[in-house]
Protein chains: 2
Amino acid sequence: MELVEFKVKFQESIARNESIVFFCSCEIAYSGRAEAFLARGDRIIVVKADNTLLIHQPEGGNPINYMRPGSKIELQQLDSHLLLKAQNLDSKDYIDMQIFRVYSFMSHKLEDGIKQELAGNEKDMSDMIKDHPEIISPEFKPLSREEHTKFGFIDVFGHDKKGNIVIVECKRYTASLQCVTQLRRYVEKISELKGLPLERVKGIMASPSISTNALDMLKKWGFEWKQVNPPKRLERYNRDQKTLSVF
Amino acid sequence: MELVEFKVKFQESIARNESIVFFCSCEIAYSGRAEAFLARGDRIIVVKADNTLLIHQPEGGNPINYMRPGSKIELQQLDSHLLLKAQNLDSKDYIDMQIFRVYSFMSHKLEDGIKQELAGNEKDMSDMIKDHPEIISPEFKPLSREEHTKFGFIDVFGHDKKGNIVIVECKRYTASLQCVTQLRRYVEKISELKGLPLERVKGIMASPSISTNALDMLKKWGFEWKQVNPPKRLERYNRDQKTLSVF
DNA sequence: ATATAGATCTCGTCA
DNA sequence: TGACGAGGTCTATAT
């Protein structure tokens, strides 16, 4: 496609507030939170109606360059090619994209606004533990599942039969050193706030697995690990895949 | 565009190993690491040559749904519409996408393979401190900038004039509680490995800013904060923007 | 394969 | 607006 034709189409689509996608050969410079340069190659460019800019290489899941929603995007004619400039005043960064060839162009006014429903995240896992505390221990009595309180962002908070405070930190994946230090921080904070000795505040890590180093550190600090699988994992995949293979 | 026509084009493009983009009205179900459902709306669909699937709403920076590279992607004809099925055997998850209307379709064989050059990340920041230790303190003598050693992932490691060990943790953004506990973990580990009392291992957080709570915790544990801006930040933006305004 | 931490992380949520 | 933590996080690197 001729660059002149592309430029006209691009400007028209922008004026109509459409979403735009095109394939091109380009070279990209980014400056802002970091500095980046990407030499010439073929890429997929997306300009959304909210002025998000995405630059994808033909392989890989993540954009190689991007500008966040609300960027100022404009196309300039240079001597032999085009310059697409995107600038974000909030994040104080910008992209300069030299466009040498455009292979295809597409634009359309898109109507959406639907929000996705999601299940199986960490919140669901802590809900499950709150509703079925025997997963953790027959002695565990949860009091609350509150994340943003004066005590901090604790997943499940409760006590045992001996009157100790119990703090449960849930992770949907293998618990790491970082996860254990997070639990430690909560235990120390509660101990301080309640004026209780550390021995009276029990920390429990609930996760499907835990790294060796993390388990060592956990034990060293007197915490426990309880193997808990996040809800709806794998079982549903296997069930559904059986159904699908009948297709 | 007629669904039948779309289906033919899609299959042809897949067979030629091209990258594909289309606008459509669709409904999406995801199952795997979580369960998600997205009701009908207009979206931008990208199918890359490496069998990455990206589903974008007309607003927002991130894909609302995706499948990683190497997924099995196929298009089936149902009674009144199409079903795009994507499945990833490694991550054991899948997407079922009901396609009701296709507005535009585009495909092209793209040639790239260029790697991006990037500067200004945390590694560059620790390099800067290693090369200019006076940024931290006139007494700081860096010994190494090694991230993956038996000591752990320490950004800059050194000592002061009194023979204390000094550990510097760099962050290119506001240091949080988590960053401080990370530093604490390193200090404790070095203290243990070297058989030195905690007072002989100094922790320093180097970041452009730090949250109030994080600073409190830092002081409580006897660590220091040193304001350090990551290299090439802002100065270059301002300089470049001056140049650009002359344009 | 597992472990660990950074990321131009992004995003939501709450004080 | 800042702070804090989750994320279908992803990606790179070292063991």
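Chain naming here is simple, since letters A, B, ... match the order of the sequence lines and numbering starts at 1 in each.
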What residues form a side-chain contact (heavy atoms from CB on, under 4.5 Å) with [X], not counting sequence neighbours?
X       : value
P142(B) : K130(B), P133(B), F140(B), V156(B)
L215(A) : I210(A), L218(A), K219(A), W225(A)
S144(B) : E146(B), F157(B)
E59(A)  : D50(B)

Identify the heavy atoms of I129(B) and A206(B) that sit nearest to each other, and give their distance. CD1-CB, 3.9 Å
Tell me: [atom1] of [X] to [atom2] of [N], nearest whole Å?
X       : N       : atom1 : atom2 : answer
Q178(B) : dT4(C)  : CD    : P     : 14 Å
I154(B) : dA14(D) : CD1   : C1'   : 15 Å
H56(A)  : dC10(D) : NE2   : P     : 14 Å
D90(A)  : dT1(D)  : CG    : C1'   : 13 Å
K171(A) : dG7(D)  : NZ    : C1'   : 10 Å
R145(B) : dA5(C)  : CZ    : C1'   : 14 Å
D155(A) : dG5(D)  : CG    : C1'   : 10 Å
Y186(A) : dA6(D)  : OH    : C1'   : 10 Å

Which value, in whole Å, describes the distance between the P atoms of nucleotides dT8(C) and dT4(C)? 23 Å
For atom P, what is the distance between dG8(D) and dA3(C), given to the nearest Å? 22 Å
Please list residues of residues 206-225 of chain A whose heavy atoms come under 4.0 Å from any atom in DNA chain C, ordered by number; otherwise none.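 S211(A), T212(A), N213(A) - these, ordered by number, are the residues of the stretch whose heavy atoms sit under 4.0 Å from the strand.
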Going 5' to 3' through nucleotides 7-14 of chain C, assign each nucleotide B (protein heavy atom under 4.0 Å from a base atom), S (under 4.0 Å only from sugar-phosphate atoms) or - (no protein heavy atom that close). SBSSS--S
Polar contact flag, side-chain donor to acceptor under 3.5 angstrom, T174(B)-S211(B):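 Result is no, nothing qualifies.
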Please name all residues satisfying ring pair (Phe, Tyr, Trp, His ring centres under 6.0 Å) with F22(B), sequence neighbours left out, ordered by chain then number.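 With sequence neighbours excluded, F22(B) shows a ring pair (Phe, Tyr, Trp, His ring centres under 6.0 Å) to F6(B), given in chain and number order.
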Checking E74(A) now: which residues fulfil salt bridge (Lys or Arg N to Asp or Glu O under 4.0 Å) with it, not counting sequence neighbours? none
Exercise answer: donor-acceptor pairs, residues 110-118 of chain B side-chain atoms, under 3.5 Å, sequence neighbours excluded:
from    : atom 1 : to      : atom 2 : distance (Å)
D112(B) : OD1    : R43(A)  : NH2    : 3.0
D112(B) : OD1    : I114(B) : N      : 3.1
D112(B) : OD2    : R43(A)  : NE     : 2.9
D112(B) : OD2    : R43(A)  : NH2    : 3.3
D112(B) : OD2    : Q57(A)  : NE2    : 3.0
Q116(B) : OE1    : N65(A)  : ND2    : 3.0
Q116(B) : NE2    : I64(A)  : O      : 3.1

Strictly below 4.0 Å: does R185(B) bring a side-chain N or O up to OP1 or OP2 of dA5(C)?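 For dA5(C), OP1 or OP2 has a side-chain N or O of R185(B) closer than 4.0 Å.
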Does dT4(C) have its OP1 or OP2 closer than 4.0 Å to a side-chain nitrogen or oxygen of Q182(B)?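 It does not, given that no N or O in the side chain of Q182(B) lies less than 4.0 Å from OP1 or OP2 of dT4(C).
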